[in-house]
Amino acid sequence: MTVYVKGVVFEGVDFDDPNSWKLDAYVKRGGYAALKKIIENKITQDEIIAEMKASSLRGRGGAGFPTGLKWSFMPRSFPGQKYLVCNTDEGEPGTFKDLDIMVNNPHALIEGMIIGGYAMGITVGYNYIHGEVFEAYERFEEALEEARAAGFLGDKILGSDFCFQLHGHHGYGAYICGEETALLESLEGKKGQPRFKPPFPASYGLYGKPTTINNTETFASVPYIIREGGQKFLELGKPNNGGTKLFSVSGHVNRPGNYEVPLGLPFSELLEMCGGMRDGKKLKAVIPGGSSAPVLPADIMMQCTMDYDSIAKAGSMLGSGAVIVMDESVCMVKALERLSYFYHEESCGQCTPCREGTGWLYRVVHRIEHGLGRPEDLDLLLSVGGNIAGRTICALGDAAVMPVQGMLKHFRAEFEHHIQHKSCLVPGF
Amino acid sequence: MSANNLLTPESLAQIDRELAKYPADQRRSAIMGALRIAQTEKRHLTNELIEYVADYVRIPPVAAYEVASFYNMYDMKPVGKYKLTVCTNLPCALSGGYQAADYLKQKLGIDIGETTADGKFTLKEGECMGACGYAPVMLVNNHTMCNHMTPEALDKKLAELE
Ligand SMILES: Cc1cc2nc3c(=O)[nH]c(=O)nc-3n(C[C@H](O)[C@H](O)[C@H](O)COP(=O)(O)O)c2cc1C
Ligand code: SF4
Ligand code: FES
């Protein structure tokens, strides 16, 4: 289910109309007007990047890096080939917004990428799509055909000298490929193993060429910013947290789904939009930004607004905007066991602290959950975590540790109960 | 390389379309798509098939093996006519992911990783598929996502898979 409240990605989309994703419908609701405006008014690259900076749009892929700033890092005068890459490898547990964009409004992404190519002097782009959502890959290929046929994409776009080629590429089951350098390796036809940084993709990216990578929702926000102006986008949200955002709400709510709302919306209002808690149960905890984000207990969460700064202040992160809601019946040890299994399973194995450490985290949480925990296990978890965090090539290591730290910070008593009594306080799932 | 074509002309044409997306000196980029196309036709990737695809893409066989073994959705062992992958990651688990997996185990009489005696179904457990709002979700033969897989919905789905 998708609920459009106010925003820029799904504005005007009719979710009940199976043809609403198509080019005709997109153009009718103002689509490709931003691209036309750029071409007709000969808007310069600098002006576009200035508009992106004014919008204060922050990357929607998880790290929240300012997009305008990222675009300004691209060496525009670099003489050789450069690449633009979209990250639709959405696999962070809890996140399902990019799938919705691909299925319901793929042209917003395509237009955003064309504008990005124009602004950074890039002529070739790829969209890397999560393998499990193959239908989204097929839809994207269809939308590309439409855009090419209409002259929005390809050679001499809208009669200008600007050329931009765009292609779809799919993954085939590896969470790590969401990490941008693993994604580039995968796009090159290799195992998805993250690269050492630096060099950063802006200087050494796809095929060793300067490359800019952004998330699907980031690109899909660009047409609005160019059409309506960065200032207007900024004002949709709150200072330093410009615009609106898609929140993927899953778990124990009555209406799970994607909600496009202004940044800064109180969490309590978001919960209400989702129809409240399922079966009238009590809210216990929320993971506010995808499985890597530290969990927050209900009382803290109910005080938060949904934006980067508020969630960070509460000790977690907004991440990809995946809000996992858990009611009083959830056993936190069991929940953590499942997440720790995931990170252990998906570690690419390149660095020892991550490969060995994620295995330790999983095995220790597993034995606590299964009544074999020892009193020293909780300190062991924290010390194993300390040996992973900050010592790895990519951020998957940190991503595996943060859920453990969050759980032990807020729900330590539940873990101690398991160790002492060898049983759960609550039934679990 | 033998002259025998292991894949149909349609599959080869699809691989050609993948190859056309990348620079001429970067044919290797097409290997993920090419292996997917080969697997879709033959159901699983034998060594012979991987070598054939590598040859077609003009990369060393070892480079293709590396890819086939790294990514979870490639099957290097035989699977049933329908491979059912149930997501049990936390968001799905909160909405019945484990119940869906247990129901399938009991109904098909097999465990995760096994195939029914008649070769019809293989059961797998998967990680987050990026569709948690429709939990619990199940993927049929890698490419068809099925939403809200309650026991009743599973019964209906299984009956459709002939
Ligand atoms: C383990 C891991 C998984 C990631 N998964 C994704 C993902 O699925 N989608 C995404 O856009 N970014 C993901 N990222 C973040 C990317 O590396 C990158 O920061 C992002 O695509 C940049 O786009 P943005 O600036 O528009 O957010 C992941 C990072 C890590 C470390
Ligand atoms: S941190 Fe983990 S996933 Fe990232 S490169 Fe190292 S081993 Fe691979
Ligand atoms: S957790 Fe099952 S699709 Fe995300």
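Letters A, B, ... mirror the listed sequences (proteins, then strands); counts begin at 1.
- Among B:Ile59, B:Val137, B:Val67, B:Asp25, the residue making the largest number of heavy-atom pairs under 4.5 Å with chain A is B:Val67.
- Taking each heavy atom of B:Pro91 and A:Gly94 in turn, the nearest pair found is CG-N, 3.5 Å.
- How far SG of B:Cys128 is from CZ of A:Phe96: 9.0 Å, rounded to the nearest 0.5 Å.
- More than 12 heavy atoms of other residues, nucleotides or ligands shown are found within 6.0 angstrom of NZ on B:Lys21.
- For a residue to count as touching a neighbouring chain, one of its non-hydrogen atoms must lie under 4.5 Å from one of that chain's; by this rule A:Glu185 does not touch chain B.
- In this structure, the portion of A:Asp100 lying under 4.5 Å from any heavy atom of chain B is its side chain and not its backbone.
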Please assess B:Thr88 against A:Arg338 for the test side-chain contact (heavy atoms from CB on, under 4.5 Å), listing each intermediate value before the final yes or no. CA-CA 8 Å; B:Thr88 58; A:Arg338 186 61 186 86; 3.0 Å; yes

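- Put simply, the side chain of B:Leu139 does not reach to within 4.5 Å of the side chain of A:Phe134, judged on heavy atoms.
- Heavy-atom distances place both the backbone and the side chain of A:Ser186 under 4.5 Å from chain B.
- Between B:Arg17 atom CZ and A:His167 atom NE2 the span is 13.5 Å, to the nearest 0.5 Å.
- Between A:Glu135 and B:His143 the shortest side-chain heavy-atom distance does not fall below 4.5 Å.
- Considering only heavy-atom pairs separated by less than 4.5 Å from chain A, the leading option among B:Gln99, B:Arg27, B:Gln26 is B:Gln26.
- The most heavy-atom pairs under 4.5 Å with chain B, out of A:Gln193, A:Lys191, A:Lys190, come from A:Lys191.
- When side chains are defined from C-beta on, B:Ser29 counts as touching A:Tyr207, because their heavy atoms get closer than 4.5 Å.
- At least one side-chain heavy atom of B:Leu90 sits less than 4.5 Å from a side-chain heavy atom of A:Ile287.
- Between B:Tyr22 and A:Tyr126, a ring centre-to-centre spacing shorter than 6.0 Å is recorded.
- Between the side chain of B:Tyr71 and the main chain of A:Gly192, a donor-acceptor pair closer than 3.5 Å is present.
- Heavy atoms of B:Ala93 lying under 4.5 Å from chain A belong to its backbone as well as its side chain.
- Residues B:Ser95 and A:Arg278 are in side-chain contact: their nearest non-hydrogen atoms beyond the backbone lie under 4.5 Å apart.
- Only the side chain of A:His130 has a heavy atom closer than 4.5 Å to any heavy atom of chain B.
- Proximity to chain A among residues 145-162 of chain B is limited to B:Met145, judged by heavy-atom separations below 4.5 angstrom.
- Using a 4.5 Å heavy-atom cutoff, the side chains of B:Arg28 and A:Glu188 are not in contact.
- Atom CG of residue A:Leu339 and atom CG of residue B:Asn89 lie 6.0 Å apart, to the nearest 0.5 angstrom.
- In this structure, no portion of B:Ser69 lies under 4.5 Å from any heavy atom of chain A.
- Contacts between A:Val325 and chain B at a heavy-atom distance below 4.5 Å involve the backbone alone (N, CA, C, O).
- Between A:Glu346 and B:Asn72, the closest side-chain pair of non-hydrogen atoms falls below 4.5 Å.
- For residues 83-91 of chain A, a heavy-atom distance under 4.5 Å to chain B picks out A:Tyr83, A:Glu90, A:Gly91, given by residue number.
- The line from CZ of B:Phe70 to SG of A:Cys177 is 5.5 Å long, rounded to the nearest 0.5 Å.
- Two residues are said to be in side-chain contact when any heavy atoms from C-beta on lie closer than 4.5 Å; B:Glu127 and A:Tyr175 fail this criterion.
- Contacts between B:Tyr74 and chain A at a heavy-atom distance below 4.5 Å involve backbone atoms as well as side-chain atoms.
- Taking all atoms of both residues into account, the shortest heavy-atom contact from B:Ala131 to A:Leu99 is CB-CD2, 4.1 Å.
- Residue A:Glu345 touches chain B through its side chain alone, counting heavy-atom pairs closer than 4.5 Å.
- Using a 4.5 Å cut-off between heavy atoms, B:Thr85 does not touch chain A at all.
- Between chain A and the residues B:Cys87, B:Ala63, B:Ala20, B:Pro23, the most heavy-atom pairs under 4.5 angstrom are made by B:Pro23.
- Ranked by non-hydrogen atom pairs under 4.5 Å with chain B, the options A:Gly168, A:Cys348, A:Ser329 are led by A:Gly168.
- Within the 4.5 angstrom heavy-atom criterion, no atom of A:Ser248 approaches chain B.
- For the options B:Met129, B:Glu18, B:Met32, heavy-atom pairs under 4.5 Å to chain A are most numerous at B:Met32.
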